[in-house]
Amino acid sequence: MSIEEGYNENVAFGVEDLMHNNPAMKKRRIIQDRLMAEMFAGKKHSSMNSTYIVGEVRWTMTGVQVHMRIDSVVNEKAGRSAGLHGGVRFYQEEFNDDTKRLIVENDLFKQDWRSRKKVEIFQYIFLKWTLVLLIGLSTGLVGFFNNIGVENIAGFKLLLTSNLMLDGKYFQAFAAFAGCNVFFATCAAALCAFIAPAAAGSGIPEVKAYLNGIDAHSILAPSTLLVKIFGSILGVSAGFVVGKEGPMVHTGACIANLLGQGGSRKYHLTWKWLKYFKNDRDRRDLITCGAAAGVAAAFRAPVGGVLFALEEIASWWRSALLWRTFFTTAIVAMVLRSLIQFCRGGNCGLFGQGGLIMFDVNSGVSNYNTIDVLALIFIGVLGGLLGSLYNYLVDKVLRTYAVINERGPAFKILLVMSVSILTSCCSYGLPWFAGCIPCPVGLEEKCPTIGRSGNYKNFQCPAGHYNDLASLFLNTNDDAIRNLFSSNNSNEFHISTLLIFFAGVYCLGIITYGIAIPSGLFIPVILAGASYGRIFGRALGSLSNLNVGLFSLLGAASFLGGTMRMTVSICVILLELTNNLLMLPLVMLVLLISKTVADIFNKGVYDQIVKMKGLPFLEAHAEPFMRNLVAGDVCSGPLLSFSGVEKVGNIVHALKYTRHNGFPVIDEPPFSETPELCGLVLRSHLLVLLNGKKFTKQRVLSASNILSRFHAFDFAKPGSGKGLKFEDLVITEEEMEMYIDLHPITNTSPYTVVETMSLAKAAILFRQLGLRHLCVVPKKTGRAPIVGILTRHDFMHEHISNLYPHLVPHKGGKWVGCAEVAVQLRWTNVQPCPKLAWAKMN
């Protein structure tokens, strides 16, 4: 018996077979012994055109069965190898089972898979790493360009204001300050309103949604990339309480998407190698690398960038992706380090100590006592409370702004101008209420500071004095954070000054996020957190072993944990920013406390924004009420399916009058003995197939003609262009009566679940495998081969609440027993159980 025959016999034995010496067991044991002997001998067995390389034996314990399977296959005739020998092992990891889920395995794909040679395999691997290298280089350069732009534009504005104030021209100074801010803000708003509305905001929620499987329009378009870069520079230079760090994540993702488009006919980039990347799997990997590179470029935190992508951005992760993101962020770090060395020679204009954030708090002593730990716990609780309130208010403001922004671009620009004027009034007006402080004795730097930045702003004070509130408001956000983290002079800022600055930044950050400019939340949150952290340091005074700069760091960490709800990535980013590993235990503790407290009240800010935008985001866990439903309960109907050889007119009408993206294909006599599920065909593939017009007058199989006419790349996912649309098809009346064979483009191995599977279990399966369609098949024979198709929409809270309003939790509901819920859902054979289900009873 050949090894193929043994494998086809489904070599598996159970415990009952072992306990009973029956003929079936003997036969299976004979087959098993022969297979194992041949496997350990490394023997080859040929069958037709394929050779099965027998190597490693894998045993999988599932219940009471032990399954044995063949590890790899080599097709010698086609020259295609996916075995474990030579350098092809690396290729196997690139195309393991975990990633194949994103590729439609139809006959065309399998033909292309078998026809690839070793040279093409290594070309693909080399190009993928080359693209990752280019993503790192490009993101590093863009990040540096952003900082150069902000430092020089904002530096010019602050120098102009400072010089006018030194001459006593206070009104002219305010006019110049506010006028520059309004001009920069208007330019940024005009770019977002007229060119790329998707560039407004931080972009992190949109990138997070894309990597969850939501391909929204123009999120990663080239126009969005350009507006994100220049809009972020102008918005931050306009003095808004926003950061450029969130937009850098979106920028990195846009760069990765642009490089991974798989070519462009418009720009004559149709190199064959680039076509390998026209699939969701590779594009998703590259965009994850781009998002990690954006964090690395914004914070100079390469390890933090990798962890940020893992913890917050990516919905699917694998070990091969970890290498690439780490490689990308390492390239970013090298690029930034080289460019910073270049700028230290004075070659970058006003770009000085600011810009690329690096807050050195190494001068602080990291020894702490019991009072410090108690203060740390209080800071963590306060950060959780303030963070949850911050998220709540941001959500309300965003909903209000959405109503205004829907009225058109003019209203968007007017809203931005209004917020800009308010911010300018606060930044210039509030320092007038602060008193003048004598300059400390024995300082290395000048006091008051003459220039665009520094810890000691003169403002309206006489010689030898400085205005501490102006040192925070009339500075770039990066320099303000550096001043708050400073530990050289613990009495540099009064407690009243820090309270005013905290209130101003807290409120301005809330009303600024949501206007039509690229804006990030990291910097406002760090500013506010560092402010109340320094207040604690001043209040404790000599009771604490930690200085005020370290308390500022802990306050920033607590507020970040309370708003972002991230722990590991935020911890590493802060440690890379401050270059102080001795603070690791304290930062970890304060992040855990703040996140735990904030989670009691609401979700993280990015999760709230995703929900507010109406994006169908799939959470990592299923809702509790899903355990009371099965997969068959939520299948949308009526189900529209095609035959294996279908009439052209039927396909055209289905595409015209429905918006479905997937259709089941069912084989019926004479192509099969009984109706059976052949697989799933995508809408985009049907459009390409119809456009090729390989029709037949008779209802016969014509797969060979289609396979010779089309290539797998013809059905690849289009890039930033729209791809083929239904309106582009030209089908005559005569062709409508003809037939077409759907077998070559049908995915014959779709993921299926039985209709009685728990909906919670199906939801976890759907998300973890990254599916678009999940076929639901009947439990009993004698019925149609498919019950329905589950899509992302079917797992959404709103959809289920419309189907079963008594089952989904609402405000004012009450607890009822699961047997009562079963009666409402008309379930049968349900035994009363002690578990409770949430339902709203009429």
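In this structure the side chain of Arg399 never reaches within 4.5 angstrom of the side chain of Val403, judged on heavy atoms. Within the 4.5 Å cutoff, the side chain of Ile523 has heavy atoms near those of the Glu245 side chain. Residues Tyr606 and Arg565 form no side-chain contact, since every pair of their non-hydrogen atoms from C-beta on lies 4.5 Å or further apart. The shortest side-chain heavy-atom distance between Pro518 and Cys192 falls under the 4.5 Å cut-off. Looking at heavy atoms from C-beta onward, Met796 lies out of side-chain contact with Ile800 at the 4.5 angstrom threshold. At a threshold of 4.5 Å between non-hydrogen side-chain atoms, the residues Thr139 and Met248 count as touching. Side-chain contact between Val419 and Tyr401: present, with at least one pair of heavy atoms (C-beta onward) separated by less than 4.5 Å. In this structure the side chain of Ile233 never reaches within 4.5 angstrom of the side chain of Phe184, judged on heavy atoms.
Here the closest non-hydrogen pair linking Ala198 and His250 is O-CE1, 3.8 Å. Annotation for Ile404 and Phe411: closest pair O-CB, 3.6 Å, computed over non-hydrogen atoms. Closest non-hydrogen pair, Thr186 versus Met417, comes out as OG1-CG, 3.5 Å. Smallest separation of non-hydrogen atoms from Ala185 and Ile517: O-CG2, 4.3 Å. Nearest approach of Ala297 to Gly143, heavy atoms of both residues: CB-CA, 4.4 Å. Considering all non-hydrogen atoms of both residues, Leu191 and Gly231 come closest at CD1-N, 4.2 Å.
Judged purely by atom type and a 3.5 angstrom limit, Trp316 uses its side chain to pair as donor or acceptor with the backbone of Arg767. Panel note: side chain Ser801, backbone Glu798; a donor-acceptor pair is recorded below 3.5 Å. Side-chain N or O atoms of Ser427 include none that pairs as donor or acceptor with a backbone N or O of Ser424 at under 3.5 Å. Panel note: side chain Lys228, backbone Thr251; no donor-acceptor pair is recorded below 3.5 Å. Checking side-chain atoms of Asn152 against main-chain N and O of Ile148 turns up a donor-acceptor pair under 3.5 Å. Although no hydrogens or angles enter the test, the distance criterion places no donor-acceptor pair under 3.5 Å between the side chain of Glu206 and the main chain of Ile219. In this structure, Asp607 contributes its side chain and Lys603 its backbone to no donor-acceptor pair below 3.5 Å. Within the 3.5 Å criterion, the main-chain N or O of Val242 finds a donor-acceptor partner in the side chain of Asn477. A donor-acceptor contact shorter than 3.5 Å links the side chain of Asp728 to the backbone of Lys725. In this structure a side-chain-to-backbone donor-acceptor pair under 3.5 Å is missing from Ser519 to Ile515.
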- Item | Test log, rule side-chain contact (heavy atoms from CB on, under 4.5 Å), inputs Leu484 and Ser531 | CA-CA 7 Å; Leu484 288 171; Ser531 300; 3.9 Å; yes

- Evaluate side-chain contact (heavy atoms from CB on, under 4.5 Å) for Leu286 paired with Leu131, printing each intermediate quantity in order. CA-CA 8 Å; Leu286 293 175; Leu131 289 178; 4.1 Å; yes

- Query: Can you list the steps and then say if Phe308 with Ile313 is a side-chain contact (heavy atoms from CB on, under 4.5 Å)?
  - Reply: CA-CA 7 Å; Phe308 182 84; Ile313 294 292; 3.4 Å; yes

- Query: Stepwise, does the side-chain contact (heavy atoms from CB on, under 4.5 Å) test hold for Leu234 with Phe183?
  - Reply: CA-CA 9 Å; Leu234 293 170; Phe183 174 74; over 6 Å; no

- Task: Would you sort out whether Thr567 and Glu311 count as a side-chain hydrogen bond (donor to acceptor under 3.5 Å, both in side chains), showing the intermediate values?
- Result: CA-CA 8 Å; Thr567 53; Glu311 183 178 7; 3.2 Å; yes

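Residues forming a ring-ring contact (aromatic ring centres under 6.0 Å, His included) with Phe766 (at least two apart in sequence, or on another chain): Phe795.
Counting only N and O atoms by type, the side chains of Ser202 and Tyr513 include a donor and acceptor under 3.5 Å apart. Side chain to side chain, Asn181 and Ser420 fail the donor-acceptor criterion of an N or O pair below 3.5 Å. Looking only at atom types and distance, the side chain of Asn212 has a donor-acceptor partner in the side chain of Arg792 under 3.5 Å away.
Classification of Lys244 and Asp478 as a salt-bridged pair holds, one side-chain N sitting under 4.0 Å from a carboxylate O. A salt bridge does not link Asp285 to Arg281: none of the charged side-chain nitrogens sits closer than 4.0 Å to a carboxylate oxygen.
Ring to ring, Trp432 and Tyr170 are close: their centroids are under 6.0 angstrom apart. Between Tyr390 and Phe559, the distance separating the two ring centers is shorter than 6.0 angstrom. Ring centroid separation for the pair Tyr392 and Phe601 does not come in under the 6.0 Å cut-off. Ring centroids of Phe522 and Phe299 are separated by less than 6.0 Å, placing the two rings close together.
We find the OG-CG distance between Ser388 and Leu393 to be 9.5 Å, quoted to the nearest 0.5 Å. The structure places SG of Cys180 at 9.5 Å from CG of Leu158, a figure rounded to the nearest 0.5 Å. The distance from the OG1 atom of Thr224 to the CD1 atom of Ile229 is 11.0 Å, given to the nearest 0.5 Å. Going from atom CZ of Phe174 over to atom OG1 of Thr161 covers 10.5 Å, rounded to the nearest 0.5 Å. Within the model, atoms CG of Leu474 and CG of Asp479 stand 12.0 Å from one another, a figure rounded to the nearest 0.5 Å. Note: Leu560 CG to Met566 CE = 7.5 Å, rounded to the nearest 0.5 Å.
Annotation: salt bridge (Lys or Arg N to Asp or Glu O under 4.0 Å) contacts involving residues 415-429, sequence neighbours excluded, are absent.
Between Met564 and the options Asn391, Leu591, Val605, Ile204, a side-chain contact (heavy atoms from CB on, under 4.5 Å) holds for only Val605.
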